[in-house]
Enquirer: 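Starting off with a structure, shown below.
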Amino acid sequence: MPQKDSGKIVAKKGSTFAEALKAAGVKNAIAALVDGAEYDLSTVAKQDTTLEPIFPDSPRGLKILRHSTAHLLAHAVMELFPDARPNAGPPTDDGFYYDIDMKPINQEDLERIEERMHQIASRNIAVERENLSRKELLKLFAWNQYKLDKIMENVPEGESSTVYRQGDFVDFCRGPHVPSTGYLKAFRLLSIASTHYKADENRPMLVRIYGTSFPDEKSLKEFLKNREEALKRDHRKIAQEMDLLVFNSERAPGFPFYTPNGMIIRQELMNFMARLNRQYGWEEVSTPHIYRDVIWKQSGHYAKYKPNMYLFTLSDGDSYGVKPMNCPGHITIFERTPKSYKELPVKYCEPGTVYRYEKSGEVGGLTRPRMFTIDDGHGFMRFDQIVGEVRSIMEMVKATFSGILGHVDMTFDLSEIDKNSPENYLITYHCNRCGTDVEARKAAMEEELVCPSCGSTDLSPDFSTWDTATGQLRQALDEAGLEYAENPGEAAFYGPKIDVHVKDALGRMWQLSTIQVDFFMPTNFGLYYINSESKHDRIVMIHRAIFGSYERFMAILIEHFAGKFPTWLSPLQAYIVPVSEKFNDYAIEVEKFLKGSGIRARADTGTETMNKKIKIIRQMRPSYILVVGEREEQGKSVSVRNRKDKTSVISLEEFQKKLLKEIEECRVEQTL
RNA sequence: GCCGCUGUAGCUCAGCAGGUAGAGCAGCUGAUUCGUAAUCAGCAGGUCGGGGGUUCAAAUCCCUCCAGCGGCUCCA
């Protein structure tokens, strides 16, 4: 059993951390924590040192374990492929990888490498840390340009750094690592991929081997089982089985086509959102999909987004762009009349379909399509209204996910400006000579920023607008009692934002909702309102989406529910099977009765046997299977089989009543 | 876009030391009328992703294009 926190352990001067832990009766530790820094167990205390053991089942320990397993991987590769040149092998969220310059390998090679890793692990070779001077390091790794690059980048002239050695294998590394290869027991190589050195297309291609590692076999098995489950739930596979959508790779690569079944789910989600929007004061509008290029120039999308847009020019010379975003359309509606401060906020929403050209290698399934529909909303408001509106949107977010998933496990990010690189953002600059304020995003400018009134180049960034807006987002989160992570540098260039992540049934986090404050576009479009002093004042826009996109959200729901949608979303709510042809009439009667109240019911009067029908319909994942025969016909009842294969006999009217209630309430669990 | 893998019937896949295609399911026809996870028989279905080349002969070998999948953020 892994040990719990064993309180304070002191390594006496001159003894190793391993000895100290042993003396304290601590077993299974793989490293030690001293003042927040991680150390090898072989570290010798320079003075009496208070340390904390790191166990492999803790987050820190797991990282170390996986990092060591990455070394083991490189070690095995070097034994099998002496020409290989390892680059980098870090731990990741659920395992590790190692990037190696070598000839492409196949699945068999992967198995051989894994086998060799087990061999090396069982040799239980000590993993030893050595401190070497820069010069020694460069000499040691003279054979490997990648390591040389790292040494030169990371070890200043005249300084030293560390390597880790296990037998013949040595790696330039900060560590810490497990004491010996024998600590690595439960690991598995998962896949072969490839990657450019430093993610730069112009640099050489490296083989990336992914793997994972756990403290024990049981956790590994669990992980692999989970992974397999995720594969089984792949939305592309289930969407195929349930006939929800198709892709036609020749006619429209990357564009989803919804079939009638898929459209049912999509439509239900849209209805759900439409209702919520009405409830929270978001008015639905509809905007064109194609615009003259002038609007894209004005919005700034051309400057930043042009390579991802579908553009065309007609024979009369007019150029058009298909919309990659909905905001310009909503702005066009908003600006049709001047607005008084009393009218704000104005909130428009639309299930807005956008088209974005994704490079061929980037498209895939519903998560990266080239066309998707955002449950988009743009609020136009005064500065002082941000907090209230953000809070209201947060309520919508909560209502949405607790309503659809039945529980809410969410995390929040507050993405802020990186004040060290103001040039990347649209901010105000204050002229130090004449006091004029000018707004600019320096990174997008070709010439130096000068004061528009006096021509001075002495301008200082003024973060006050950003600070206020960020403060308002923070306040909204605080007032809602939510915990959140603050991420400097993650803001959009036009304003700070809140991102919402939701956990699915497999424990994966998905970024869904986003709430963004925007100063940029209102400026570009010259949006204003008339304040109480009859003066023009600045409009602030909030962009928000709750599902994100219908496509992506559907994909996530498919995987979350493994296709077994709550009844209100299910394309087939009642599948009716007559016991034999004799009862076809009653089956049709049941179908008609249920359909009459809007239930998606289908009687199968085909010539197959009942058993076969039940078997085949399984992949369509109907909510309920109704078997009807003589008894049911006599008693005007149905034999109901739910998704857990529980059967019950109930009167037809009662069934209809209960089903309607289940649908009406968007119940996640079946009630029958 | 780049790298690797893959592309054979509606679906899942076999065939690939080169000798012009095969199975199961789905579909169609007929028989069967059946109480909760596949009744039986027959039929039909593919210019093997597109194009080019090598060859007497290409699904199979070579080139090229297209598409799908996994990666291309985690840094020693």
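Order of the sequence lines sets the chain letters (A, B, ...), proteins ahead of strands, with each chain counted from 1. Everything numeric in this text was worked out from a predicted model, so none of it was measured.
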Enquirer: Tell me: CG of A:Asp604 to P of B:U33, nearest whole Å?
Expert: 18 Å

Enquirer: Which heavy atom in A:Leu189 sits nearest to a heavy atom in A:Phe96, and how many Å separate them?
Expert: CD2-CZ, 4.2 Å

Enquirer: Is the distance between the ring centroids of A:His71 and A:His67 under 6.0 Å?
Expert: yes

Enquirer: Say you pick atom C1' in B:A14 and the same atom in B:G22; how far apart are they, in whole Å?
Expert: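 Result for the C1' pair: 7 Å, nearest Å.
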
Enquirer: Using the ring of each side chain (for Trp, its six-membered ring), is A:Tyr164 parallel, tilted or perpendicular to A:His177, with breaks at 30° and 60°?
Expert: perpendicular

Enquirer: Answer yes when A:Arg66 and A:Asp94 have at least one side-chain N-carboxylate O distance shorter than 4.0 Å, and no when they do not.
Expert: no

Enquirer: Less than 6.0 angstrom from the centroid, inside 45 degrees of the normal: does A:Arg208 satisfy that with respect to the ring of A:Tyr97?
Expert: yes

Enquirer: To the nearest Å, give me how far apart CG (A:Leu110) and P (B:G70) are.
Expert: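 Rounding to the nearest Å, CG of A:Leu110 and P of B:G70 are 17 Å apart.
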
Enquirer: Contact list please: residues 612-624 of chain A against RNA chain B, heavy atoms, distance less than 4.0 Å, in numerical order.
Expert: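 Residues of residues 612-624 of chain A under 4.0 Å from RNA chain B: A:Lys612, A:Ile614, A:Lys615, A:Ile616, A:Arg618.
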
Enquirer: Taking for each residue the nucleotide of RNA chain B with the nearest heavy atom, is it A:Ile105 or A:Tyr97 whose nucleotide lies nearer the 5' end?
Expert: A:Ile105

Enquirer: Fit a plane to each ring of A:Tyr357 and A:Tyr310, take the angle between them on a 0 to 90° scale, and name the class: parallel (under 30°), tilted (30 to 60°) or perpendicular (over 60°).
Expert: perpendicular

Enquirer: Quiz question: by atom type and distance under 3.5 Å, do the side chains of A:Glu159 and A:Ser161 form a donor-acceptor pair?
Expert: no

Enquirer: Please work out if A:Gly89 contacts a base, only the sugar-phosphate, or nothing of the nucleic acid, heavy-atom cut-off 4.0 Å.
Expert: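 A:Gly89: no heavy atom of the nucleic acid under 4.0 Å.
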
Enquirer: Between B:G68, B:G71, B:U39, which nucleotide has the shortest distance from any of its atoms to the side chain of A:Tyr210?
Expert: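 The nucleotide sitting nearest to the side chain is B:G71.
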
Enquirer: Which nucleotide, B:G35, B:A37, B:G71, lies nearest any side-chain atom of A:Glu632?
Expert: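 Among B:G35, B:A37, B:G71, the one nearest the side chain of A:Glu632 is B:G35.
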
Enquirer: When you compare B:U20 with B:U33, how far apart are their C1' atoms, in angstrom units rounded to a whole number?
Expert: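 Taking atom C1' in both B:U20 and B:U33, they lie 47 Å apart.
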
Enquirer: With P as the reference atom in both, quote the distance from B:C11 to B:C75 in angstrom, rounded to an integer.
Expert: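 So the two P atoms sit 42 Å from each other.
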
Enquirer: Can you identify which nucleotide, out of B:C75, B:U32, B:G49, has its nearest atom closest to the A:Thr607 side chain?
Expert: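 Selected nucleotide (nearest to the side chain): B:U32.
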
Enquirer: With RNA chain B as reference, determine whether A:Ala193 or A:Arg631 sits nearer its 5' end, using the nearest nucleotide of each.
Expert: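 Its nearest nucleotide being more 5', the pick is A:Arg631.
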
Enquirer: Anything under 30° is parallel, anything over 60° is perpendicular, the rest tilted; go ahead and classify A:Phe561 against A:Phe565.
Expert: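 Ring orientation, 0 to 90° scale: tilted.
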
Enquirer: Mind checking what makes ring-ring contact (aromatic ring centres under 6.0 Å, His included) contact with A:Tyr302, not counting sequence neighbours?
Expert: none

Enquirer: Between B:G1, B:C3, B:G35, spot the one nearest the side chain of A:Lys359, thanks.
Expert: B:G1

Enquirer: Can you check the A:Ile100 CD1 to B:G71 P distance for me, whole Å?
Expert: 18 Å

Enquirer: Check the distance between B:A67's P and A:Asn248's CG and give it to me in whole angstrom.
Expert: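 A:Asn248 atom CG is separated from B:A67 atom P by 12 Å.
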
Enquirer: Go through residues 577-591 of chain A and report each residue with a non-hydrogen atom lying under 4.0 Å from RNA chain B, sorted by number.
Expert: A:Val579, A:Ser580, A:Glu581, A:Lys582

Enquirer: What interatomic distance, in whole Å, is found between C1' of B:U8 and the corresponding atom of B:U47?
Expert: 13 Å

Enquirer: For A:Asp109 and B:G4, what is the distance between atoms CG and C1' respectively, to the nearest whole Å?
Expert: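 Distance check: A:Asp109 CG to B:G4 C1' gives 13 Å.
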
Enquirer: Write down the distance between CE (A:Met610) and P (B:A38), rounded to a whole number of angstrom.
Expert: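 Computing the A:Met610:CE to B:A38:P distance gives 10 Å.
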
Enquirer: Can you spot which of A:Asn584, A:Val590, A:Ile588 makes a side chain to side chain contact (heavy atoms under 4.5 Å, CB included) with A:Tyr586?
Expert: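 Among A:Asn584, A:Val590, A:Ile588, the one meeting side chain to side chain contact (heavy atoms under 4.5 Å, CB included) with A:Tyr586 is A:Val590.
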
Enquirer: Compare the minimum distances between each of B:C74, B:G68, B:G27 and the side chain of A:Thr92, then state the nucleotide with the smallest one.
Expert: B:C74

Enquirer: Closest approach to the side chain of A:Ala88, judged atom by atom: which nucleotide of B:G71, B:G35, B:C75 is it?
Expert: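 Among B:G71, B:G35, B:C75, the one nearest the side chain of A:Ala88 is B:C75.
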
Enquirer: Describe the nucleic acid contact of A:Gly254 in one word from base, sugar-phosphate, nothing, applying a heavy-atom distance below 4.0 Å.
Expert: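 The answer is sugar-phosphate, as A:Gly254 gets under 4.0 Å only of primed atoms, P, OP1 or OP2.
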
Enquirer: Say you pick atom P in B:U60 and the same atom in B:G52; how far apart are they, in whole Å?
Expert: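 Per the computed distance, 13 Å lies between those P atoms.
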
Enquirer: Which whole number of Å gives the distance between the C1' atom of B:C28 and that of B:C16?
Expert: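 Looking at atom C1' only, B:C28 and B:C16 are 33 Å apart.
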
Enquirer: Categorize A:Ser161 for me: base, sugar-phosphate, or nothing, with a 4.0 angstrom heavy-atom threshold over every strand shown.
Expert: base

Enquirer: A:Asn611 CG to B:C40 P: how many Å, rounded?
Expert: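 Atom-to-atom, A:Asn611 to B:C40, this comes out as 12 Å.
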
Enquirer: So, is A:Arg208 close to the B:C3 phosphate, meaning a side-chain N or O under 4.0 Å from OP1 or OP2?
Expert: no

Enquirer: A side-chain contact here means heavy atoms from C-beta on lying under 4.5 Å apart; do A:Ile113 and A:Phe81 qualify?
Expert: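 Side-chain contact under 4.5 Å: yes.
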
Enquirer: Under 4.0 Å between a side-chain N or O of A:Ser249 and OP1 or OP2 of B:G68?
Expert: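 Looking at the OP1 and OP2 atoms of B:G68, neither is under 4.0 Å from any side-chain N or O of A:Ser249.
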
Enquirer: Are side-chain heavy atoms of A:Val163 and A:Phe141 found at a separation under 4.5 Å?
Expert: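 In short, these two side chains touch, coming nearer than 4.5 Å.
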
Enquirer: Would a 4.5 Å heavy-atom cut-off, applied to side chains only, mark A:Met102 and A:Val77 as touching?
Expert: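 A side-chain contact under 4.5 Å exists here.
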
Enquirer: For A:Thr609, answer base if it contacts any base atom (sugar-phosphate contacts may also be present), sugar-phosphate if it contacts only those atoms, and nothing otherwise; contact means non-hydrogen atoms under 4.0 Å.
Expert: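 Counting heavy atoms under 4.0 Å across all strands, the contact made by A:Thr609 includes a base.
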
Enquirer: Among B:G70, B:C74, B:A37, which nucleotide has an atom closest to any side-chain atom of A:Ser194?
Expert: B:G70

Enquirer: Tell me what A:Val207 touches on the nucleic acid: a base, only sugar-phosphate, or nothing, going by heavy atoms under 4.0 Å.
Expert: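 No contact.
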
Enquirer: Taking only Watson-Crick and G-U wobble pairs with both distances under 3.5 Å, what dot-bracket line describes RNA chain B, where [ ] shows pairs that cross earlier ones and | shows pairs with another strand?
Expert: (((((((..((((.....[..)))).(((((.......))))).....(((((..]....))))))))))))....

Enquirer: Should A:Tyr146 and A:Asp99 be marked as a side-chain hydrogen bond (donor to acceptor under 3.5 Å, both in side chains) after you check the CA-CA gap, both sets of side-chain angles, and the distance that decides it?
Expert: CA-CA 10 Å; A:Tyr146 301 100; A:Asp99 288 345; over 6 Å; no

Enquirer: Hey, could you give me each pair passing side chain to side chain donor-acceptor pair (under 3.5 Å) that has a residue in residues 608-624 of chain A? Not counting sequence neighbours.
Expert: A:Glu241-A:Arg621, A:Ser570-A:Ser623, A:Tyr624-A:Glu662

Enquirer: Is any side-chain heavy atom of A:Leu72 closer than 4.5 Å to one of A:Phe187?
Expert: yes

Enquirer: With rounding to the closest Å, how many angstrom separate the C1' atoms on B:A9 and B:G1?
Expert: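 It works out to 34 Å between them.
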
Enquirer: Hey, can you pull the residues of residues 227-245 of chain A with a non-hydrogen atom under 4.0 angstrom from RNA chain B?
Expert: A:Arg236, A:Gln240

Enquirer: Under a 4.5 Å cut-off applied to non-hydrogen side-chain atoms, are A:Lys232 and A:Glu229 in contact?
Expert: yes

Enquirer: What's the CD-P distance between A:Glu608 and B:A41, to the nearest Å?
Expert: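 Answer to the nearest Å: 14 Å.
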
Enquirer: Provide the distance between the two C1' atoms, one in B:C61 and one in B:G71, to the nearest whole Å.
Expert: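 Those two atoms are separated by 29 Å.
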
